Every structure is written in C-alpha cells, then in structure tokens.
Amino acid sequence: MEAINNFVTAANGVLWGPIMLVLLCGTHVYLTIRTKGIQLKTFTGVKLSVTPDKEASGDIGGFAALATALPATIGTGNIVGVATAIGTGGPGAVFWMWMVGLLGMATKYSEGLLAVKFRVRAKDGSYIGGPMYALERGMGQKWLGVLFAIFTGFAGFGLGNMVQGNSIAESCLNTFGIPKIATAAVLTVLTGLVILGGVQSISKVCEKLIPFMAGLYILGCVVICFINAPYMGAAFKTIIVGAFNPQAVGGGFVGATLGACIRAGVSRGLFTNESGLGSAPIVDACAATRNPARQALISMSGVFWDTIVVCLLTGLVLVSSMIKDPAGMEGLVGAALTTQAFAAIPKIGPAVLTFGLLTFAWSTILGWSVYGEKAWVYLVGVKALKPYRLAWTAVVFIGCVAALEVVWNVADMLNACMIIPNLVALLGLSGVIASETKKYVWDKDAEWGGLMKWMDDVAPQLDK
C-alpha cells in the first residue's frame with residue numbers, strides 16, 4: 001500500500017504540475033476571447049439563476065442545478081483553500097486566485113453550454129449530458145467520452161464521497177466529541193434517504209441548504225470585516241502589493257518569491273472553482289432551459305459566488321486578522337487559520353464555521369453522487385442506477401471510519417485525468433461555443449464595444 005501511495009503521489013506531482021496549470025490557464029484565456037468576454041454578462045447569469053424558465057424542458061430548475069454543483073466549490077475547497085494559498089504563497093496569492101476565478105468563468109460557461117447543447121434523454125426519460133456526450137456527439141470521439149466517464153465514476157467515490165465523509169467524522173469527533181461510528185451511521189442514513197430519490201431529490205435538498213449556508217458564511221465574513229475595519233485598508237494593500245512583490249509585504253507573511261505567490265494562488269484557484277474539471281456540466285445538462293447559453297450563464301455565476309465573492313471575503317478576513325493579531329495567528333495553517341479568524345465573533349464564530357464546513361461537505365457528497373451516477377449510466381445504462389446509489393450510500397459509512405491518505409491521492413489523480421478529455425472537448429468545440437454565444441448572447445446587443453470587437457478579430461487567428 002505504501003508503494004502504491006508513493007507511485008500515486010509521484011504521478012500527482014506530474015499531473016498537477018506546471019503543464020496542467022498552463023493548460024488550464026491557457027484554456028481560460030482562450031475561451032474568454034472566443035466568447036467575447038462572456039464575464040461581462042455575469043450579473044445577467046445571477047439574475048437568470050433566480051428567474052424560472054417557464055418555456056424550458058429539463059429535470060430540475062436552473063437554480064437547482066447551480067445549487068447542486070456549488071457545494072463542490074464553495075466549502076472546504078474554497079474556505080480552507082484560501083488559507084492554504086496564503087500559507088504557501090503569502091497574501092498576494094488571494095489576488096491570483098481571484099484572477100484565475102475571473103478568467104475561469106469563461107470555461108465554466110463553455111462547459112455548461114456544451115452540456116446542454118449535446119445532452120440526450122436516457123431510457124428512463126431523464127436528461128443526461130456532460131463532457132462525455134460532447135466528446136461523442138460533438139466530436140465523434142466516443143473513446144474519450146468513455147475515458148472521462150470512467151475517471152469520473154471512480155473519482156466520485158474518493159474525493160466526492162469518502163474524503164468528505166471522513167472530514168465530517170473527524171470534525172464531529174474533534175469539535176463535538178461525537179464518535180466516528182455514530183457520525184457514520186447518521187450520515188449514511190441521511191445520504192441514502194436523499195440520493196435514492198435521484199437528482200430531483202438531491203437538487204431539492206441542495207436548493208434549500210446551500211443558499212442558507214453560503215449566506216451564513218458570507219454574513220460571518222462581513223461581520224468580521226466590520227470588526228477588523230481599522231485593518232481593512234492595510235489588508236487590501238497587502239494583498240495587492242504581495243501579488244507583485246511578496247518581499248515588500250513583510251510583517252512575517254510567507255511568500256519569499258513572486259513565483260511561489262503566483263503558483264500558490266493559481267493552483268488553489270483552479271482547484272477551488274473546478275472550472276475545466278468537467279463535473280458541474282453533468283448537472284447543468286439536467287437543467288430546464290430554453291437554450292444552451294441560458295444555463296451556461298447560470299453555471300458561470302457559480303464561479304462568481306465561489307471565487308469573486310467568497311474567496312475575496314475569506315482572503316480579507318484572514319489577512320486583516322493576521323495584521324490585527326500576528327502572534328495569535330502565527331504558525332496556524334489551513335482550517336486552523338480560518339477557525340482562529342472566525343473566533344473574532346464571540347462564542348459562535350468557530351461553531352458557525354464548523355457547522356458550515358460540515359454542511360458543505362455533506363452537500364458535496366450529494367452533488368458528486370449525481371456526477372458519478374450520470375457517468376455510470378453513460379457506461380452501462382440506467383440499470384446501473386439502483387446498484388450505484390446503494391453502493392454510494394454504503395461507501396459513505398466506510399469513508400467516515402477509514403484512513404484515507406491513499407484514497408485522497410488516487411482521487412486527485414483521477415481528477416487530473418478528468419481534465420484532459422474535458423479540455424479536448426472545450427478546445428475542439430470552441431467554434432460551437434462561439435457561434436452559440438453569438439446567437440443567444442451578443443446578437444441581442446447593438447453595440448459590442450471596442451474590446452469585444454478586438455476579440456472578434458483575433459479569435460479566428462487563434463483558431464488557426
């Protein structure tokens with residue numbers, strides 16, 4: 001087992017190395033140009049997410065699809081990920097996370113558009129789509145679709161299930177003294193009750209749970225920002241200066257080189273918003289929408305909430321707290337750093353953070369169950385549904401009580417493997433993305449503006 005873990009760790013070092021970061025960032029920039037700066041329509045996407053589409057067909061509402069996909073981004077990946085980035089690259093890493101999220105919105109939009117464009121109806125009447133269908137129906141590369149589905153089907157049991165269950169059990173034990181076996185039993189029953197009802201049941205739970213927990217976390221961040229108001233100006237300055245000159249920040253902050261700062265911000269930013277992974281569009285394909293661009297805009301708004309709002313607020317909370325109380329924050333990393341910052345809210349601060357992380361982790365289990373389910377339906381048909389849901393529920397229990405270092409590393413490797421065929425679909429079908437976006441988004445605008453006109457001229461040259 002140790003040898004396997006060492007091999008997987010080495011493989012992750014290659015798969016998640018500089019080449020992958022360049023591929024993802026390059027795709028973000030390229031699709032930003034191909035979509036004529038679709039980020040300019042961010043608030044349109046936010047508005048559409050809370051506007052039911054009565055003229056659409058689909059299994060769930062657009063907002064329900066967004067709420068089902070959001071837990072995998074907002075939550076442990078974002079809240080703890082920001083602290084990890086600051087610990088590795090200094091406060092300036094927050095700026096680079098923010099920039100990656102801004103560019104990644106174009107990729108998330110493109111994934112959602114292709115998911116709806118090439119979705120199909122399964123034998124049970126439900127909608128199913130995602131990168132595997134874009135690869136098969138859009139590019140004629142079914143073998144790549146099969147690979148993506150295999151990677152997704154197995155990655156879900158690790159990163160989307162066992163790892164999340166283990167995090168919940170560990171937190172309940174350390175914070176509330178609840179034995180892992182008790183947490184495992186309760187979590188398994190709750191998960192089974194929800195996922196056995198399928199995507200409609202899962203989306204209904206997430207649709208109610210996520211706005212409440214995200215709103216509570218954002219409120220907590222805003223309260224801390226008010227408490228740390230005298231230090232907010234310094235926090236902004238520290239983040240901006242640290243993004244381009246980490247050595248000038250001083251004050252005991254980590255981030256000795258510009259390279260370390262950028263690498264930490266970019267890598268954590270790519271990991272937290274999941275743009276390019278290809279998971280969220282699997283849920284987007286189930287959404288009721290009148291055209292592909294509409295749901296794509298809604299999906300894109302998820303990155304706005306995840307990185308542009310939550311990441312920035314978390315960064316300001318952490319950096320202002322570190323400036324305010326450097327001794328109290330010294331030596332803390334990851335979740336411990338965020339927990340200490342939330343202690344600024346008397347009595348209830350750390351409890352709110354812990355409860356939020358637990359809730360997001362559970363909703364991640366629910367959301368990833370949809371990703372894995374659709375992948376297995378693609379591979380073997382609807383006959384996989386019941387066995388898969390039962391297996392998923394059982395694995396929750398195992399994840400709560402097992403040691404998971406190898407599982408975590410294998411899941412990371414499979415996630416990286418998901419990205420490659422997904423990027424093939426995004427780049428290979430960028431012409432479809434551009435034409436659909438022009439048809440449903442930009443043709444409605446009489447004047448595009450200079451920047452988008454420049455993009456319109458340069459995009460064909462990039463294709464060549």
Side-chain angles (χ1 to χ4, degrees), residues 1 3-16 20 68-69 71-72 76-77 111 115 128-136 141-167 188 191-192 195 199 202 271 274 276-283 285 361 364-425:
M1 188 62 70
I4 292 174
N5 192 44
N6 290 338
F7 169 78
V8 173
T9 301
N12 280 335
V14 176
L15 289 170
W16 285 106
M20 180 64 80
T68 304
T76 53
E111 290 175 319
I128 180 171
M132 54 277 199
Y133 288 93
L135 287 162
E136 178 183 346
Q141 301 293 329
K142 184 173 181 178
W143 68 277
L144 277 174
V146 169
L147 281 180
F148 177 86
I150 291 172
F151 296 144
T152 304
F154 285 107
F157 281 105
L159 186 62
N161 187 326
M162 296 179 72
V163 168
Q164 304 299 328
N166 193 262
S167 297
T188 301
T191 302
I195 73 165
V199 66
I202 293 169
F271 181 78
E274 293 193 353
L277 183 61
S279 51
I282 296 175
V283 176
T364 298
I365 292 175
L366 300 181
W368 261 95
S369 74
V370 178
Y371 304 158
E373 175 180 299
K374 299 299 184 182
W376 285 109
V377 169
Y378 176 79
L379 292 170
V380 300
V382 294
K383 61 184 179 182
L385 286 176
K386 189 173 181 179
Y388 169 83
R389 291 170 183 171
L390 292 172
W392 186 269
T393 303
V395 168
V396 172
F397 188 93
I398 298 172
C400 288
V401 297
L404 296 180
E405 182 180 1
V406 176
V407 173
W408 180 277
N409 288 334
V410 170
D412 271 351
M413 182 177 70
L414 291 172
N415 275 162
C417 291
M418 288 169 62
I419 291 173
I420 303 301
N422 184 49
L423 292 186
V424 171

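Please read these numbers as outputs of a predicted model, since none were measured by experiment.
- Contact check for Glu373 versus Leu385: side-chain heavy atoms found under the 4.5 Å cut-off.
- Annotation for Val370 and Val283: closest pair CG1-CG2, 3.9 Å, computed over non-hydrogen atoms.
- Here the side chains of Thr152 and Leu414 are not in contact, with every heavy-atom distance at 4.5 Å or above.
- Note: Trp368 and Tyr371 have perpendicular aromatic rings, judged against thresholds of 30 and 60 degrees for the angle between ring planes.
- Residues Lys142 and Leu135 fail the side-chain proximity criterion, which asks for heavy atoms closer than 4.5 Å.
- Residues Met132 and Leu147 have side chains not in contact (no heavy-atom distance under 4.5 Å, counting atoms from C-beta outward).
- Taking the six-membered ring for Trp and the full ring otherwise, Phe157 and Tyr388 have centroids separated by under 6.0 Å.
- When side chains are defined from C-beta on, Tyr378 counts as touching Val146, because their heavy atoms get closer than 4.5 Å.
- Residues Pro421 and Leu144 approach most closely at CB-O, 4.0 Å, considering heavy atoms.
- Ile128 and Val377 make their closest contact through CD1-CG1, 3.6 Å (heavy atoms, listed as atom of the first residue, atom of the second, distance).
- Arg389 is not listed as a side-chain neighbour of Ser369, based on a closest heavy-atom distance of 4.5 Å or more.
- Counting only heavy atoms from C-beta outward, the side chains of Leu277 and Asn422 never approach each other to under 4.5 Å.
- In this structure, the side chains of Trp376 and Phe154 come closer than 4.5 Å at one or more pairs of heavy atoms.
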